[in-house]
Asks: 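Have a look at the structure that comes next, please.
Positions are given from 1, in the same order as the sequence printed here.
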Amino acid sequence: MKKNKKPSILRQELSQDLKTFRGLSGKQRVVFLWDYYRWPIITVLFLLFVVCLVAQMLWEGQKPCRLRACIVLNTDEDCSLWFHDFTKELTSDGKPGAVDVNLDQPFDYDNRYYYVQEVEVMTTISSGRMDIAVCGEDMYHYLLALNACLPLDTGLSPELSASLSDRLVYSTANLTEDENGSVNPADGIDGYFAVDLSGTGFDAAYNQTEDEREPLYAVIISNTRHLADCEALLRALTEE
C-alpha cells in the first residue's frame, strides 16, 4: 500500500497563505499581497512589459516606412514643428512610405530606470525601427557600446562625407564591460560614427541650456535600409 506523499514546504506555505488571504477583507488582501509577494509581482509585471514592448516593436517594424528617427535632446525643447516641416519636404517627392519620428524616448544615465531605457533602445534597433538618432552623450556612448553606429566616412556618399568632414566625430565602438567590469581595448573598433551638430541651426534652436551646452550628435544606425533618407536628414540637420 502506497503511503500518502507529504506536501512540499512550498505547497504548505502557499496553502497557509491562501487560507490567510481568504480570511482578510478587501484592503487587507492588497496589503497582504504587497507585503509577501511584492517582488514576484514586480518581476512578472516587468517581464510582461518587456514582452509587450518587444511584440509591439516587431509589429511596428513590419509597417512600410521610409525613415525612422529617434530624437533624444539634451533640453526640454519641442522640435516637432521642425520635423513636421522636414517630413513635408522629404515626402514631397511622392515616394511611398511614412516618416516615423520618435520624440518620446528618454535616455539618461542619471535616471535610476536607465536600464529600461537601454532595453527600449536595444529592442528598437534590433527590430529595425531606428534608422537614425539625434542624441546626447549618454545615448551616443550606448550606441557605440552596441556597435550600432554606421561608419560615416565610408558609409555615406563621398560627396556628403566630404562636406561633413569637419563635423565627423572619431570614436571607439564595441567596448563593453565583461562580468568582472573590465574592458578589453582590443575589442574596440575605431572610426567616425557621428556628426557633431554644434553650430547648426537645429543646435541653436533646440540645444540651448542655461549651463554649459552639452554636445548633440546625429548617428546613422548600421542596419538601416533607408540610407538615402538618412542622408537627407543629415543635410537638413547640418544647415548653419
Asks: Can you name the closest pair of heavy atoms from Gly188 and Thr172 and give their distance?
Replies: CA-CG2, 3.7 Å
Asks: Could you check if a side-chain atom of Asn102 sits within less than 4.5 angstrom of a side-chain atom of Thr124, using non-hydrogen atoms only?
Replies: no
Asks: Are Ile221 and Leu234 grouped together when hydrophobic residues (ILVMFWY) are joined by side-chain heavy atoms under 4.5 angstrom apart?
Replies: no
Asks: Determine the minimum heavy-atom distance between Ala194 and Tyr217, stating which atoms define it.
Replies: CB-CB, 4.1 Å
Asks: Can Val121 be reached from Leu67 by stepping across I, L, V, M, F, W or Y side chains whose heavy atoms are under 4.5 Å apart?
Replies: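 No; tracing contacts between hydrophobic side chains, which count when under 4.5 Å, never links both residues.
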Asks: Given Thr200 and Tyr206, is the side-chain contact (heavy atoms from CB on, under 4.5 Å) satisfied, shown in steps?
Replies: CA-CA 10 Å; Thr200 64; Tyr206 303 107; over 6 Å; no
Asks: Under 4.5 Å between side-chain heavy atoms, counting indirect links through other Ile/Leu/Val/Met/Phe/Trp/Tyr residues: same cluster for Val101 and Met130 or not?
Replies: no
Asks: For Glu137, is the CD atom crowded, meaning more than 12 foreign heavy atoms sit under 6.0 Å from it?
Replies: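 Enclosed: over 12 neighbouring heavy atoms sit under 6.0 Å from CD of Glu137.
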Asks: Decide yes or no for Leu152 and Val195: does some side-chain heavy atom of the first lie under 4.5 Å from some side-chain heavy atom of the second?
Replies: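 Side-chain contact under 4.5 Å: yes.
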Asks: Under 3.5 Å, is there a donor-acceptor pair between the side chain of Arg167 and the main chain of Ser198?
Replies: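 Side chain of Arg167 to backbone of Ser198: a pair is present.
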Asks: With a 4.5 Å cut-off on side-chain heavy-atom distances among I, L, V, M, F, W and Y, is there a chain of contacts connecting Val219 to Ile71?
Replies: no
Asks: How about Asp229 and Val99: do any of their side-chain heavy atoms sit closer than 4.5 Å?
Replies: no
Asks: CZ/Arg129 to SG/Cys65 distance, rounded to the nearest 0.5 angstrom?
Replies: 9.0 Å
Asks: Ignoring hydrogens and geometry, is there a side-chain-to-backbone donor-acceptor pair from Glu231 to Ser157 under 3.5 Å?
Replies: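 Looks like yes, one N/O pair under 3.5 Å.
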Asks: Measure from the side-chain N and O atoms of Asn74 to the backbone N and O of Pro215, and report whether any donor-acceptor pair falls under 3.5 Å.
Replies: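 Such a contact is found between Asn74 side chain and Pro215 backbone.
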Asks: Would you find a donor on one side and an acceptor on the other, under 3.5 Å apart, between the side chain of Asn174 and the backbone of Asn147?
Replies: no
Asks: Is there side-chain contact between Ser165 and Tyr192, with at least one heavy-atom pair below 4.5 Å?
Replies: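 Of all side-chain heavy-atom pairs linking Tyr192 with Ser165, none is under 4.5 Å.
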Asks: State, yes or no, whether a side-chain contact exists between Leu144 and His141 at a heavy-atom distance under 4.5 Å.
Replies: yes
Asks: For the atom pair OG1 (Thr224) and CD1 (Ile125), what is the distance rounded to the nearest 0.5 Å?
Replies: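 So the OG1 of Thr224 and the CD1 of Ile125 are separated by 11.5 Å.
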Asks: Heavy-atom distance under 4.5 Å between the side chains of Leu73 and Phe202, does that happen here?
Replies: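 In contact.
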Asks: Would you say the side chains of Glu77 and Gln208 form a donor-acceptor pair under 3.5 Å?
Replies: no
Asks: For Thr238 and Leu197: C-alpha separation, side-chain torsions, deciding distance, then whether side-chain contact (heavy atoms from CB on, under 4.5 Å) applies.
Replies: CA-CA 6 Å; Thr238 53; Leu197 298 181; 4.0 Å; yes
Asks: Is a side-chain donor or acceptor of Asn223 paired with a backbone partner of Gly128 at a separation under 3.5 angstrom?
Replies: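 Pair absent, no side-chain N/O of Asn223 close to backbone of Gly128.
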Asks: A side-chain contact here means heavy atoms from C-beta on lying under 4.5 Å apart; do Asn111 and Pro106 qualify?
Replies: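 Of all side-chain heavy-atom pairs linking Pro106 with Asn111, none is under 4.5 Å.
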Asks: Please tell me whether Ser171 and Tyr140 have a donor and an acceptor in their side chains that are separated by less than 3.5 angstrom.
Replies: yes
Asks: Distance from Leu90 atom CG to Phe83 atom CZ, nearest 0.5 Å?
Replies: 11.5 Å
Asks: Out of curiosity, His226 NE2 to Cys230 SG, how far, rounded to the nearest 0.5 Å?
Replies: 8.5 Å
Asks: To check you understand the geometry: which heavy-atom pair defines the closest contact between Ala145 and Thr176, and what is its length?
Replies: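 Closest approach of Ala145 to Thr176: O-CG2, 3.3 Å.
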Asks: Is there a side-chain contact (heavy atoms from CB on, under 4.5 Å) between Val116 and Phe49? Walk through the geometry before answering.
Replies: CA-CA 10 Å; Val116 177; Phe49 168 77; 3.8 Å; yes
Asks: Give a yes or no on whether Met122 and Leu150 share a hydrophobic cluster (residues Ile, Leu, Val, Met, Phe, Trp, Tyr; joining criterion: side-chain heavy atoms under 4.5 Å apart).
Replies: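 No, because Met122 and Leu150 fall into different hydrophobic clusters, even though each may have its own neighbours under 4.5 Å.
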Asks: Should we count CG of Asp76 as having more than 12 external heavy atoms under 6.0 Å?
Replies: no
Asks: Between Phe107 and Tyr109, what is the ring plane arrangement, given parallel below 30°, perpendicular above 60°, and tilted in between?
Replies: perpendicular
Asks: If every non-hydrogen atom of Ala232 is compared with every non-hydrogen atom of Phe86, which pair is closest and at what distance?
Replies: O-CE1, 3.8 Å
Asks: Just how far is it from atom CD1 of Ile220 to atom SG of Cys149, taken to the nearest 0.5 Å?
Replies: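 That separation rounds to 10.5 Å.
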Asks: Could you tell me whether the side chain of Ser161 and the main chain of Pro158 form a donor-acceptor pair under 3.5 Å?
Replies: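 Looks like no, no N/O pair under 3.5 Å.
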Asks: From Leu227 CG over to Ser222 OG, what is the distance, rounded to the nearest 0.5 angstrom?
Replies: 11.5 Å
Asks: Considering all heavy atoms of both residues, which atom of Asp108 and which atom of Tyr114 are nearest to each other, and what is their separation?
Replies: O-CB, 3.5 Å
Asks: Is there a side-chain contact between Gln117 and Asp138 in this structure, where contact means two heavy atoms from C-beta onward sitting under 4.5 Å apart?
Replies: no
Asks: So which heavy atom on Trp82 is nearest to which on Ala236, and how close?
Replies: CZ2-O, 3.7 Å
